[in-house]
Visitor: 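Quick one: the structure is below, questions incoming.
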Amino acid sequence: MADLLHTLSAAELGRRLSAGLLTSRTLCEALIARYHLLNKKVGAFTHLDERDVLTQADASDARRKAGQGRGPLEGIPVAIKDNIAVKGQPLTCSSQMLASLVSPYDAHVTERLRAAGAILYGRLNMDEFAMGSSTENSAIQKTFNPWDLACIPGGSSGGSAAALAAGLVPLALGSDTGGSIRQPASHCGIVGLKPTYGLISRFGLVAFASSLDQIGPMARCIEDCELLLSALASADARDMTCFAVADRALTPAGDAKKLRIGIPKGFLGKGVGAEVATAVTAAIDFYRSQGCAISEVELPSADLAVPTYYVVATAEASSNLGRYDGVRYGHRSASAGTPVEMMTNSRSEGFGAEVKRRILLGTFVLSAGYADAYYMRALRARSKIRAEYLAALATVDVLLTPTVPTPAFKVGEKASDPLQLYLEDIFTIPANLAGLPAISVPCGKSGHLPVGFHLVGAPLSEAKLLAAGRLFESAHGFAHQQAAL
Amino acid sequence: MAEGFDIDHLAKLARLNLTAAEKVLYSSQLTQILGHFQALAKADLPETIDLARVVSESALRSDEPGPVLGAEAVTRIAPASRDGQISVPRVVDDEA
């Protein structure tokens, strides 16, 4: 049985653990063996402490044996993006700046996973400080798309998506600032959900753009995604934007066949590839056939989303990353005669090219003489985009588009053109700007590469997104899909 | 909106040393990206900024002290420390 465990969902693994048909140690040993077989090829994990994993697994098995199991995640491995703190494990953000940092504390979501009995299973590669859409900006290693190792897995949570698609782990955490959960989920054929801003605590998530960042679940099926989301969502006084709203977000949504689905006018004109358009149109036709009301909606300011995002996100990043000055933690330059030299040399040596580019851009849009023209106008545009989305979502339950205009591209293909990479996120960015929940659900292939569709809902409508995804998933064969490696 | 920027001034504000090649590269890329941002300059935008929270709950909580990292944990991750404190290059010179 051990050689098939990587194909099972987290929910099914949980059922077998509960029934005494499986131990967490057996499961973890099988996954560790698969890690040795495949991780060099895929590059999803940057760190795995096998002894610690097996110690956790034994403790879980002992709890279960003593009748003290902690719920459906007891004994289930969850891999964690390397910008979420786990006490005693590396916290590098895939950056040279934090290459030697070991986290002295747990993130809130880590505490939640420990309390749920989950196994904290390794660190996942990412674009440096979550800045990127291909995971090529990692200073540690490249990650490759398990469906085609010549292609990128998406980003910035590319390690999380690739690990799931390769069957290296049943569940993973990602973070999403402009699409960093949903875009790699689409490229790797898995499910990824960005929650409503405020549903999950950001305490222990290394800050990139604080008004946009959210942690979220990534899995190979809707049931697993919901399982992980339920464990993560809870109030936390250490994040002043996080509230006790989990019950509202996760209350069962009713009959998904009665959902009203809005299709933004003209979305197929936004550089959407032919096979992506075909797969997403087929998904719309499916929902129509199930009785859902399909209607076209107007989002007149949608074209402002990408420039608005890159002004707001880089402005916040330039401020947040000001903390990396070589003083308290992270890289300190060996050539540092004065405090200013220490800061400047440490930052110059520690940050990679994309991070520097975004810091420079963010510094510019906040600088004297330009802040009104860029940053303040972007905040006004953000308000307009948010108002338009909320107005649209007052008339329909969800908005449906592709998650990404085109399937995964070749490694290196867009590396020298940052603007082209920024346009990868054209469909995912508005949900971050408006703080709305959104999910990517696998819906087909373009050639041999996965394609996903994207649903955005009103604040705290996660249950509706999951119900819509479940309706589609139950009628199609894309759940649990893994690449043949 | 601005037509250009001073890459040396930006680098100084951002506390980054840039090589000559990096200055050329970033200047070119930032010009291209800022060109894309021109859509914001032309857009008809509201005068006010909506700062409302997505989830409208009170952000106020009682001001109670909680656990913090101890000096040992903090200095363990610091690049340099001495006698339980983080050390840095001399800030004030002798003649100041």
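Since we're looking at a predicted model, the values are computed, not measured.
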Visitor: Are the side chain of Y310(A) and the backbone of L34(B) linked by a donor-acceptor contact shorter than 3.5 Å?
Guide: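 Not at all, since once roles are kept as given, no pair shorter than 3.5 Å links the two residues.
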Visitor: Tell me, out of M343(A), R357(A), M342(A), who's got the most heavy-atom pairs with chain B below 4.5 Å.
Guide: R357(A)
Visitor: Does D417(A) form a side chain to side chain contact (heavy atoms under 4.5 Å, CB included) with Q32(B)? I'd like the steps, not just the answer.
Guide: CA-CA 10 Å; D417(A) 191 345; Q32(B) 187 196 11; 4.0 Å; yes
Visitor: With a 4.5 angstrom heavy-atom cut-off, is it the side chain or the backbone of L45(B) that approaches chain A, or both, or neither?
Guide: both
Visitor: Is it the backbone or the side chain of Q29(B) that comes under 4.5 Å from a heavy atom of chain A, or both, or neither?
Guide: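 Contact with chain A is through the side chain of Q29(B) alone.
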Visitor: Heavy atoms, side chains only, cut-off 4.5 Å: are R328(A) and V74(B) in contact?
Guide: no
Visitor: Quick one: does P89(B)'s side chain get under 4.5 Å of T338(A)'s, heavy atoms only?
Guide: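 Heavy-atom side-chain distance check fails, nothing below 4.5 Å.
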Visitor: Please classify the contact between A387(A) and chain B as side chain, backbone, both or neither, with a heavy-atom cut-off of under 4.5 Å.
Guide: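 Neither; nothing under 4.5 Å.
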Visitor: Rounded at 0.5 Å granularity, tell me how far CD1 in I86(B) sits from OH in Y329(A).
Guide: 10.5 Å
Visitor: Nearest 0.5 Å, what's the CG-OH distance between L69(B) and Y105(A)?
Guide: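 Separation between the atoms: 8.0 Å.
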Visitor: Would you say the side chain of I49(B) lies within less than 4.5 Å of the side chain of M376(A), judging by non-hydrogen atoms?
Guide: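 Contact flag for M376(A)/I49(B) side chains = yes.
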Visitor: Could you go through the side chain to side chain contact (heavy atoms under 4.5 Å, CB included) check for F37(B) and V311(A) one step at a time?
Guide: CA-CA 8 Å; F37(B) 290 177; V311(A) 172; 3.5 Å; yes
Visitor: Checking heavy atoms, do the side chain of T75(B), its backbone, both or neither come under 4.5 Å from chain A?
Guide: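 Neither part.
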Visitor: Without swapping roles, check the side chain of K384(A) against the backbone of A43(B) for a donor-acceptor pair under 3.5 Å.
Guide: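 No, K384(A) side chain to A43(B) backbone: no donor-acceptor pair under 3.5 Å.
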Visitor: To the closest 0.5 Å, what do you measure between CZ (F5(B)) and CG (L361(A))?
Guide: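 Between atom CZ of F5(B) and atom CG of L361(A) there are 8.5 Å.
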Visitor: With rounding to the nearest 0.5 Å, note down the distance linking OG in S100(A) to CD1 in I77(B).
Guide: 10.0 Å
Visitor: Return the option, out of D325(A), L360(A), L321(A), with the maximum number of heavy-atom pairs under 4.5 Å with chain B.
Guide: L360(A)
Visitor: Tell me if a side-chain donor or acceptor on R380(A) pairs with a main-chain N or O of P46(B) at a distance below 3.5 Å.
Guide: yes
Visitor: Checking P418(A) against chain B: side chain, backbone, both or neither under 4.5 Å from a heavy atom?
Guide: side chain
Visitor: List, one per line, each side-chain donor-acceptor pair under 3.5 Å for residues 7-18 of chain B, sequence neighbours excluded.
Guide:
from, atom 1, to, atom 2, distance (Å)
D8(B), OD1, K23(B), NZ, 2.8
N17(B), ND2, N345(A), OD1, 2.8

Visitor: Which value, rounded to the nearest 0.5 Å, describes the distance between R332(A) atom CZ and S87(B) atom OG?
Guide: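 R332(A) atom CZ to S87(B) atom OG measures 5.5 Å (nearest 0.5 Å).
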Visitor: E47(B) versus chain A, heavy atoms under 4.5 Å apart: side chain, backbone, both or neither?
Guide: both
Visitor: Taking the side chain as every heavy atom from C-beta outward, state whether I33(B) and Y422(A) have any atom pair closer than 4.5 Å.
Guide: yes
Visitor: Nearest 0.5 Å, what's the CG-CD1 distance between D50(B) and I385(A)?
Guide: 12.5 Å
Visitor: Tell me, side chain or backbone of T308(A) under 4.5 Å from chain B's heavy atoms, or both, or neither?
Guide: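 Contact with chain B involves both backbone and side-chain atoms of T308(A).
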